[in-house]
Q: 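Can you read through this structure? Questions will come right after.
Scope of the values below: all heavy atoms of this structure, side chains included, with no hydrogens, waters or symmetry mates.
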Amino acid sequence: NAGVTQTPKFRVLKTGQSMTLLCAQDMNHEYMYWYRQDPGMGLRLIHYSVGEGTTAKGEVPDGYNVSRLKKQNFLLGLESAAPSQTSVYFCASSYSAGEQFFGPGTRLTVL
Amino acid sequence: GEDVEQSLFLSVREGDSSVINCTYTDSSSTYLYWYKQEPGAGLQLLTYIFSNMDMKQDQRLTVLLNKKDKHLSLRIADTQTGDSAIYFCAVMNRDDKIIFGKGTRLHILP
């Protein structure tokens with residue numbers, strides 16, 4: 001049981017490049033989330049999903065898109081990366097609206 | 001919307017008790033959580049408490065909830081070097097969304 005995994009672990013992008021972060025969970029959870037963590041800002045919710053085929057905006061959705069085509073996967077896309085998107089990105093999943101299980105994080109630097 | 005506040009830093013001597021405090025604004029919050037984040041890792045749930053409870057104890061951890069003051073605390077007894085981490089308070093609001101505080105960095109002094 002791998003829990004929540006994230007790919008890649010590290011990435012460096014140039015401004016304007018695009019990329020997709022992959023989150024996978026093997027716990028059959030309905031809910032999945034993408035957060036970003038910045039120093040002094042705590043965790044901020046970017047987008048979330050309450051089930052396969054659904055997505056919703058969180059607190060800081062601008063500049064990001066998501067897709068949940070399969071229940072076990074939640075993808076976070078950056079179409080045109082900006083330096084302000086330099087951050088550590090965490091994916092999480094939960095069975096319902098309760099306890100969330102977190103992945104190990106992806107450290108993204110945008111130059 | 002819901003706001004969750006916690007102090008950013010706490011220093012404690014090894015062997016002493018650590019008390020991390022959290023305040024929140026939504027009085028209808030149902031579940032309240034404490035997560036731990038070790039360096040370079042994701043968050044891990046430490047413990048949680050239902051809003052109809054005042055206290056929950058789990059080995060070295062004690063959670064106290066004061067609903068009237070909307071105050072949650074986490075006490076770690078006999079603090080060890082392995083307890084050095086960032087501790088996040090999190091609260092489920094009336095829309096079933098979990099709101100996280102900014103985290104308290106616990107530093108252990110020898």
Side-chain angles (χ1 to χ4, degrees), chain A residues 1-10 21 23-25 27 29-51 54-61 74 76 87-108, chain B residues 1-10 20-26 28-53 56 58 61 63 72 85-106:
Chain A
N1 217 5
V4 180
T5 57
Q6 292 183 232
T7 312
K9 288 186 170 47
F10 303 94
L21 281 67
C23 176
Q25 52 94 5
M27 297 174 281
H29 285 167
E30 290 292 337
Y31 290 52
M32 296 187 75
Y33 313 81
W34 275 108
Y35 293 91
R36 59 178 289 172
Q37 184 179 28
D38 302 290
M41 300 294 289
L43 282 175
R44 291 184 291 171
L45 182 65
I46 304 171
H47 286 281
Y48 65 100
S49 166
V50 299
T54 75
T55 62
K57 293 181 181 179
E59 184 187 350
V60 288
F74 195 28
L76 178 72
S87 187
V88 181
Y89 292 86
F90 286 100
C91 175
S93 71
S94 61
Y95 178 70
S96 62
E99 177 192 352
Q100 295 181 18
F101 293 80
F102 283 79
T106 295
R107 188 173 293 275
L108 175 66
Chain B
E2 173 80 89
D3 197 22
V4 179
E5 298 282 343
Q6 35 181 147
S7 54
L8 293 182
F9 298 100
L10 177 66
I20 303 171
N21 294 302
C22 171
T23 58
Y24 58 97
T25 55
D26 188 350
S28 66
S29 299
T30 51
Y31 291 79
L32 303 101
Y33 306 85
W34 283 105
Y35 281 84
K36 178 183 181 182
Q37 183 183 30
E38 296 185 357
L43 279 69
Q44 198 168 16
L45 182 70
L46 268 183
T47 186
Y48 66 94
I49 190 168
F50 297 118
S51 58
N52 63 356
M53 298 168 65
K56 181 179 180 181
D58 183 3
L61 305 178
V63 178
L72 182 73
I86 302 176
Y87 291 82
F88 289 89
C89 171
V91 174
M92 182 181 288
N93 70 5
R94 65 186 68 200
D95 298 323
D96 284 348
K97 287 197 176 61
I98 294 183
I99 310 298
F100 287 84
K102 291 183 169 51
T104 299
R105 186 178 294 273
L106 178 62

Q: Just how far is it from atom CD of A/Q37 to atom CZ of B/F88, taken to the nearest 0.5 Å?
A: 4.5 Å
Q: Can you run down the salt bridge (Lys or Arg N to Asp or Glu O under 4.0 Å) pairs that involve residues 32-41 of chain A, sequence neighbours left out, and say none if there aren't any?
A: A/R36-A/D38, A/D38-A/R44
Q: Is it the backbone or the side chain of A/Q100 that comes under 4.5 Å from a heavy atom of chain B, or both, or neither?
A: both
Q: Working to the nearest 0.5 angstrom, can you tell me the gap between B/L45 CG and A/F102 CZ?
A: 9.5 Å
Q: So for A/Y31, is it side chain, backbone, both, or neither that comes closer than 4.5 Å to the heavy atoms of chain B?
A: neither
Q: Using non-hydrogen atoms only, which part of B/L43 is less than 4.5 Å away from chain A: side chain, backbone, both, or neither?
A: both
Q: For the interface with chain A, which of B/K97, B/Q6, B/Q44 has the highest count of heavy-atom pairs at distances below 4.5 Å?
A: B/K97
Q: Only pairs under 3.5 Å count here: list side-chain donor-acceptor contacts from residues 90-99 of chain A, not counting sequence neighbours, and write none if there are none.
A:
unit_1 : atom_1 : unit_2 : atom_2 : d
A/S93  : OG     : A/H29  : ND1    : 2.7
A/S94  : OG     : A/Y33  : OH     : 2.9
A/S94  : OG     : A/S96  : O      : 2.5

Q: With chain B, which of A/E59, A/M41, A/R107 has the greatest number of heavy-atom pairs at distances under 4.5 Å?
A: A/M41
Q: Quick one: which of B/G103, B/A41, B/A90, B/G101 has the most heavy-atom pairs under 4.5 Å with chain A, could you say?
A: B/A41
Q: To the nearest 0.5 Å, tell me how far A/L43 CG sits from B/I98 CD1.
A: 11.0 Å
Q: Counting only non-hydrogen atoms closer than 4.5 Å, does B/Y33 touch chain A with its backbone (N, CA, C, O), its side chain (CB onward), both, or neither?
A: side chain
